[in-house]
Number of protein chains: 2
Amino acid sequence: MEISLVEENYIKAIYKLQSLNEGEGVSTSDLSRHLKNKAASITDMLKRLSLKKLIQYQKYQGVFLTAKGEKIALAVVRKHRLWEVFLTEKLHFSWDEVHDIAEQMEHIKSEELVKRLDRYLGHPKTDPHGDPIPDDKGLFRALQSKTLSHYKRKGKFIFTGVTEHSPAFLQYLSSINLKIGQALLIEQVNEFDGSLKVRINKQQPCFFSEKVSANILVEAIK
Amino acid sequence: MEISLVEENYIKAIYKLQSLNEGEGVSTSDLSRHLKNKAASITDMLKRLSLKKLIQYQKYQGVFLTAKGEKIALAVVRKHRLWEVFLTEKLHFSWDEVHDIAEQMEHIKSEELVKRLDRYLGHPKTDPHGDPIPDDKGLFRALQSKTLSHYKRKGKFIFTGVTEHSPAFLQYLSSINLKIGQALLIEQVNEFDGSLKVRINKQQPCFFSEKVSANILVEAIK
DNA sequence: GCCATATTTTAGGCGAGCCTAAATTTTTTG
DNA sequence: CAAAAAATTTAGGCTCGCCTAAAATATGGC
Ligand SMILES: [Mn+2]
Ligand SMILES: [Mn+2]
Ligand SMILES: [Mn+2]
Ligand SMILES: [Mn+2]
């Protein structure tokens with residue numbers, strides 16, 4: 001069964017929204033927002049994906065991936081993240097430039113290519129944004145990091161990833177020299193607006209708004 | 001102006017057939033054969049490419065690329081051949097496996113990607129099949145090699161490329177240890193069928209049928 | 001020059017993937 | 001609980017890229 005590029009993008013979107021949704025089916029309007037297509041177009045495609053047994057779909061009830069659909073989603077995510085590693089590690093793109101290119105490359109169809117790319121890159125476990133890369137069976141360790149705003153306390157943390165991938169946000173993090181794997185020292189928590197005073201390395205401290213710290217994933221140390 | 005993947009493939013096909021045709025316009029039936037689409041579909045697309053000023057098209061008269069069309073063709077060819085180099089040099093695919101994958105990768109849209117890929121590969125001048133890689137302005141040295149069957153005489157030659165890219169043919173060449181850049185010693189020419197007795201390195205001699213030598217490009221030595 | 005054949009174009013149709021407008025169903029809310 | 005609002009689906013239409021069948025044009029042989 002052939003799966004088109006567009007179908008792959010829908011499957012990937014359903015996968016992503018499903019993982020945020022915790023159990024709920026993914027709604028037409030969520031997909032409409034995420035894919036920037038009109039709701040009527042979404043319904044159209046959901047019917048087709050349902051015929052192909054890639055999703056479970058009942059009118060007005062939201063949608064779930066089948067095992068088959070999830071397998072495809074994971075394969076596309078794997079390719080996306082491997083290509084992002086290639087682009088940063090080998091071609092020296094910065095982490096805010098790789099997403100749109102990987103968005104195209106994730107649709108290249110060749111299992112052998114993915115296998116060799118993975119080996120070439122040294123079987124990386126995470127992409128440049130800290131997201132885990134599923135292995136060839138679709139398995140990956142569930143991310144146990146939480147957002148900085150979740151902790152909302154002083155202490156030392158390791159920066160492990162981002163939940164927001166926009167170039168603007170990523171460039172901001174680069175501008176304050178924040179890279180994945182680095183330590184963050186939260187020196188002060190401002191209760192009224194949730195902002196944080198943060199020290200990175202031995203640099204001048206900087207301030208994270210609630211919006212920033214909500215998109216920064218960390219692991220607490222000790 | 002957006003150019004679709006399918007349009008790129010048509011443009012590339014016209015470019016290729018045009019270069020064989022020497023001055024003649026490319027015919028609908030040539031394109032039909034080459035692209036494995038029905039002639040009616042070809043006519044359809046020619047009208048659209050003509051509207052976009054990518055080709056010059058007059059009913060029943062065959063078709064020519066415009067300067068704009070040729071620029072696109074060269075950009076796609078450049079990407080195709082760079083990716084073939086990547087696949088063989090970095091991922092260690094053999095030269096008979098890369099074409100179908102490059103056929104997909106040539107459509108990735110990102111000028112920065114091509115620039116960096118080219119640098120990463122060390123600005124290669126030819127692809128794994130000996131075909132020249134256009135530079136970022138679309139320039140490349142015209143291939144001056146001729147086919148072995150063109151020479152049809154004894155002597156020493158350097159194997160510089162192939163005109164046939166089918167896996168079967170390429171695998172045959174690999175099986176007799178023939179690689180690009182190698183010397184070929186033609187020891188005997190059989191007039192009646194055009195076959196050749198050839199020595200590669202110091203191996204046992206082998207015999208090339210007319211069909212084989214018509215697809216092997218060489219440069220004469222001395 | 002005329003006829004047969006080959007090539008090319010036109011006409012009409014189809015699926016994928018999008019849209020707008022209208023109808024339907026679900027959810028919220030007073 | 002009924003009305004309003006929001007979400008979703010249906011209906012109908014569009015472009016792209018393909019097809020088959022039929023019509024038009026070009027070409028080659030006599
Ligand atoms: Mn990404
Ligand atoms: Mn994509
Ligand atoms: Mn292609
Ligand atoms: Mn090639």
Side-chain angles (χ1 to χ4, degrees), chain A residues 1-14 17-18 20-21 23-65 69 72-73 76 103-104 106-107 109, chain B residues 1-14 17-18 20-21 23-65 69 72-73 76 103-104 106-107 109:
Chain A
M1 186 197 32
E2 284 299 292
I3 291 156
S4 74
L5 184 151
V6 173
E7 286 172 330
E8 284 189 349
N9 282 339
Y10 272 80
I11 295 285
K12 201 176 60 145
I14 294 167
L17 295 173
Q18 194 169 268
L20 303 176
N21 247 3
E24 290 291 295
V26 177
S27 72
T28 300
S29 50
D30 280 354
L31 284 165
S32 174
R33 243 187 314 281
H34 195 249
L35 292 168
K36 298 175 195 313
N37 289 335
K38 298 298 169 180
S41 311
I42 305 293
T43 304
D44 238 43
M45 178 59 91
L46 293 185
K47 287 179 190 166
R48 264 174 286 142
L49 293 176
S50 185
L51 277 177
K52 289 191 170 184
K53 312 273 186 207
L54 300 174
I55 61 173
Q56 237 187 294
Y57 171 60
Q58 291 184 85
K59 279 203 225 178
Y60 298 101
Q61 302 305 300
V63 76
F64 298 85
L65 289 179
I72 291 166
V76 174
E103 204 60 43
Q104 300 179 63
E106 72 191 2
H107 302 291
K109 285 177 171 48
Chain B
M1 185 195 34
E2 285 298 293
I3 291 156
S4 73
L5 183 151
V6 173
E7 287 171 331
E8 285 188 347
N9 282 338
Y10 271 80
I11 295 283
K12 200 176 59 145
I14 295 167
L17 295 173
Q18 194 168 267
L20 303 175
N21 247 4
E24 290 290 295
V26 177
S27 72
T28 302
S29 50
D30 281 353
L31 284 165
S32 173
R33 244 187 314 281
H34 193 81
L35 293 167
K36 298 177 197 310
N37 287 336
K38 298 299 168 181
S41 311
I42 304 294
T43 303
D44 238 43
M45 179 58 91
L46 293 184
K47 287 180 191 165
R48 264 175 284 147
L49 293 177
S50 184
L51 277 176
K52 288 191 172 184
K53 311 274 187 206
L54 300 174
I55 61 173
Q56 236 187 292
Y57 171 60
Q58 291 185 87
K59 279 201 223 177
Y60 297 102
Q61 302 305 302
V63 76
F64 297 85
L65 289 179
I72 291 165
V76 174
E103 202 60 44
Q104 300 178 64
E106 70 191 3
H107 303 291
K109 285 177 171 48

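Quick note: numbers below take in every heavy atom, side chains included, and nothing from hydrogens, waters or symmetry partners. Chain letters run A, B, ... following the sequence lines, proteins first, then strands; residues in each count from 1.
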Can you measure from [atom1] ([X]) to [atom2] ([Y]) and round to the nearest 0.5 angstrom?
{"X": "A/L35", "Y": "A/D30", "atom1": "CG", "atom2": "CG", "answer": "10.5 Å"}
{"X": "A/I55", "Y": "A/Y10", "atom1": "CD1", "atom2": "OH", "answer": "10.5 Å"}
{"X": "B/R33", "Y": "B/T28", "atom1": "CZ", "atom2": "OG1", "answer": "11.0 Å"}
{"X": "A/I11", "Y": "A/M45", "atom1": "CD1", "atom2": "CE", "answer": "8.5 Å"}
{"X": "A/E106", "Y": "A/L5", "atom1": "CD", "atom2": "CG", "answer": "7.5 Å"}

Give me the atom names and distance for the closest heavy-atom approach of [X] to [Y].
{"X": "B/V26", "Y": "B/I14", "answer": "CG2-O, 3.7 Å"}
{"X": "B/A73", "Y": "B/L65", "answer": "CB-CD1, 4.1 Å"}
{"X": "B/S32", "Y": "B/A39", "answer": "OG-N, 3.6 Å"}

Query - Where at least one partner belongs to residues 42-63 of chain B, residue pairs that pass side chain to side chain donor-acceptor pair (under 3.5 Å), sequence neighbours excluded - result: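 Sorted pair list: B/E7-B/K52.
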
**Report entry** Main-chain N/O of A/H107 paired with A/E8 side-chain donor or acceptor, under 3.5 Å
**Finding:**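 Side chain of A/E8 to backbone of A/H107, a donor-acceptor pair under 3.5 Å: no, none is there.
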
Query raised in the report: Does B/N9 use its side chain to pair, donor to acceptor, with the backbone of B/A13 at less than 3.5 Å?
Result: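 No, B/N9 side chain to B/A13 backbone: no donor-acceptor pair under 3.5 Å.
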
Query raised in the report: For A/E24, which residues count as a salt bridge (Lys or Arg N to Asp or Glu O under 4.0 Å) partner, sequence neighbours excluded?
Result: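 Partners of A/E24 by the salt bridge (Lys or Arg N to Asp or Glu O under 4.0 Å) criterion come out as none, since no residue qualifies.
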
**Report entry** Value in whole Å for how far the P atom of D/dT9 lies from CD1 of A/I42
**Finding:**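 After rounding, the gap between these two atoms is 10 Å.
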
Query raised in the report: Starting at NZ of B/K47 and ending at P of C/dT8, how long is that distance when rounded to a whole Å?
Result: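 One finds 14 Å between P of C/dT8 and NZ of B/K47, rounded.
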
Protein-nucleotides 23-27 of chain D N/O pairs under 3.5 Å:
| residue | atom | partner | partner atom | Å |
| --- | --- | --- | --- | --- |
| D/dT25 | O4' | B/Y60 | OH | 3.3 |

**Report entry** Contact state string [nucleotides 15-21 of chain C, B base, S sugar-phosphate only, - no protein heavy atom under 4.0 Å]
**Finding:** -SBBBBB

Requested in this report: Taking only heavy atoms on the protein side, list every residue of residues 23-31 of chain A lying under 4.0 Å from any atom of DNA chain C, sorted numerically.
Outcome: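 Close to the strand, none.
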
**Report entry** OP1 or OP2 of D/dT8 under 4.0 Å from side-chain N/O of A/Y57
**Finding:**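 Answer no for this pair, as no side-chain N or O of A/Y57 is under 4.0 Å from OP1 or OP2.
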
Enumerate all atom pairs, one protein N or O and one N or O from nucleotides 1-4 of chain C, separated by less than 3.5 Å.
none

Requested in this report: Indicate yes or no: does A/E2 engage A/K109 in a salt bridge with an N to O separation below 4.0 Å.
Outcome: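 Salt bridge: no.
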
